[in-house]
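What follows is a set of notes on a single structure, which appears directly below.
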2 protein chains.
Amino acid sequence: MTDAFDDLAAGLAGLAAPRAIDPGVLATLLSRVRRRDVARGEHLCRQGEPVDSLFFVRTGLLRYYYLADGVEHTGQFFDAGMLIGDVFAMTGGDVALQNIDALEASELLVVPMAALHSAYAADHAMERFGRRLIEIGMIGSQRRTAALLQLSPEQRYERFVASRPEVARRVPLYLVASYLGITPEGLSRIRRRRVQG
Amino acid sequence: MTDAFDDLAAGLAGLAAPRAIDPGVLATLLSRVRRRDVARGEHLCRQGEPVDSLFFVRTGLLRYYYLADGVEHTGQFFDAGMLIGDVFAMTGGDVALQNIDALEASELLVVPMAALHSAYAADHAMERFGRRLIEIGMIGSQRRTAALLQLSPEQRYERFVASRPEVARRVPLYLVASYLGITPEGLSRIRRRRVQG
DNA sequence: GTCGCTTCTTAACCCGGGTCAAGGCGGGCG
DNA sequence: CGCCCGCCTTGACCCGGGTTAAGAAGCGAC
């Protein structure tokens with residue numbers, strides 16, 4: 001499982017690295033991490049159903065989305081190096097509020113929530129690390145809210161392409177539309193305007 | 001400062017109460033909490049400026065908002081019993097990304113971030129409590145994102161009134177509009193439709 | 001009382017994106 | 001090879017909310 005640690009450590013290097021975490025606690029946590037390969041289209045969880053893990057994306061691309069009267073609304077995309085999980089389910093909610101599926105064949109590391117909670121309980125520094133992770137996610141979530149409030153669909157599209165060009169290339173446009181909160185037809189028109197005007 | 005503790009404890013009772021937190025650590029934290037009364041319209045922080053505290057709302061009503069080319073977009077309202085603070089500034093970002101102001105004359109408890117971080121460092125259970133707080137905020141933020149993605153302004157208004165009737169009564173409509181992501185005129189039309197039919 | 005400010009509403013016009021319906025295109029599979 | 005299906009685009013029409021401009025109601029200050 002050393003390679004799992006390397007990937008996780010590398011992926012999380014941008015955050016305050018887990019320096020002070022007790023090596024034994026970390027080893028125990030990592031020993032419970034499993035690899036999992038998922039095919040494009042495969043679901044890791046569905047809203048209303050119980051989940052017991054969160055996922056580290058080693059390669060590939062995933063998203064979480066909400067389903068409202070037949071329409072999918074994409075919350076966020078996750079590519080290599082990111083952690084994806086249902087926060088509600090992770091914090092005692094037991095069932096997921098979101099759906100998570102793979103947009104490409106992906107290679108994941110599966111972190112059992114029970115193992116994570118054990119690690120939190122066993123080591124203060126680990127708990128702190130978890131707090132930082134959520135805080136960073138919270139800032140991203142608030143930024144997304146701000147974007148939805150203050151930008152037009154067209155501006156959101158430009159900003160999305162500018163900030164995540166890699167993801168924008170790999171994701172089909174109808175999913176980009178569902179992330180921007182518009183229809184595929186709407187996005188198509190926006191793109192045409194950009195080429196012509 | 002006992003009354004400060006009571007209020008905080010009562011306000012946070014809905015969360016996993018801070019039972020296991022070391023009494024000494026808690027006492028030290030609470031000893032550094034100060035009361036502050038703010039007038040309607042007063043700002044607690046502005047985007048781009050440093051902040052060093054977060055706030056517990058004892059009475060009154062506040063909000064945070066973003067300013068984009070002269071237009072205010074309200075992120076969330078906070079009334080009695082809630083904690084309000086700029087997460088980015090609270091996590092090493094140093095300056096605020098948000099503006100916070102009082103919509104009514106309010107009575108606050110001011111928690112210095114330095115004191116909070118000391119308490120986090122001093123006690124594992126306190127750190128965990130902080131993690132839970134952020135997690136709960138994160139779930140709320142994701143719910144808000146989902147609402148903006150999948151509901152029309154009209155639906156968002158209905159849902160807002162249904163879920164926070166107290167706040168809806170106390171907040172001027174032009175601020176409700178800025179929370180819903182529409183203009184006061186737009187909200188006015190929505191309300192008229194609802195009355196007529 | 002009245003001046004002035006804030007808040008809310010109304011009306012007219014505009015426009016972006018939703019909706020519906022149709023068609024194009026490329027790639028996988030039989 | 002040819003078919004089908006997933007993905008994308010286009011066009012026509014509609015409609016909600018933005019924009020602009022104006023005015024009404026409430027209310028505090030003087």
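The shown structure was predicted, so the numbers you read here are calculated from the model rather than taken from an experiment. Lettering of chains follows the sequences in order, A, B, ..., and the numbering in each one begins at 1.
Here the closest non-hydrogen pair linking A:V57 and A:L108 is CA-CD2, 4.1 Å.
If you take CG of A:D69 and P of C:dG18, they are 14 Å apart, rounded to a whole angstrom. Whole-Å rounding puts the A:L187 CG to C:dT19 C1' distance at 16 Å. If you take CG of B:L173 and C1' of C:dC8, they are 7 Å apart, rounded to a whole angstrom. One atom, CG of A:L175, and another, P of D:dC7, lie 8 Å apart when rounded to the nearest Å. Distance CD (B:Q155) to C1' (D:dG17): 14 Å, rounded to an integer number of Å. Across the protein-nucleic acid pair, A:Y157 atom OH and C:dG17 atom P stand 13 Å apart, rounded to whole Å. Atom pair A:L148:CG and C:dG17:P shows a separation of 14 Å (rounding to whole Å applied). Between the CD1 atom of A:I190 and the P atom of D:dT9 there is a distance of 12 Å, given to the nearest Å.
By the 4.0 Å N-to-carboxylate-O rule, A:R63 lies close enough to A:E72 to be salt-bridged with it. Salt bridge A:D101/A:R46: absent, no basic N to carboxylate O contact under 4.0 Å.
For the OP1/OP2 pair of D:dG6 and a distance below 4.0 Å, the side-chain nitrogens and oxygens of A:R40 include no atom meeting the criterion. OP1 and OP2 of C:dC8 both lie 4.0 Å or more from every side-chain N or O belonging to B:R191. Taking only side-chain nitrogens and oxygens, B:R189 never comes nearer than 4.0 Å to OP1 or OP2 of C:dT9.
Checking C:dG17, C:dA11, D:dG11 against every side-chain atom of A:R192, the shortest atom distance belongs to D:dG11. The side chain of A:S188 lies closest to D:dT9 when the candidates are D:dT9, D:dC8, C:dT7. With distances taken from any side-chain atom of B:T183 to the nucleotides C:dG17, D:dT19, C:dC8, the minimum falls on D:dT19.
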I'd like to know whether A:E135 forms a salt bridge (charged side-chain N to carboxylate O under 4.0 Å, His left out) with A:R131, so could you lay out the CA-CA distance, the side-chain angles of the two residues, the decisive distance to 0.1 Å, and finally the verdict. CA-CA 6 Å; A:E135 284 173 346; A:R131 176 172 64 80; 2.7 Å; yes
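Judged purely by distance below 3.5 Å, without hydrogens or angles, the side chains of A:T145 and B:R144 never pair a donor atom with an acceptor atom.
Checking A:P153 against A:E185, the closest nucleotide of DNA chain C that is more toward the 5' end is the one next to A:P153.
Counting non-hydrogen atoms under 4.0 angstrom, B:G41 reaches nothing in the nucleic acid.
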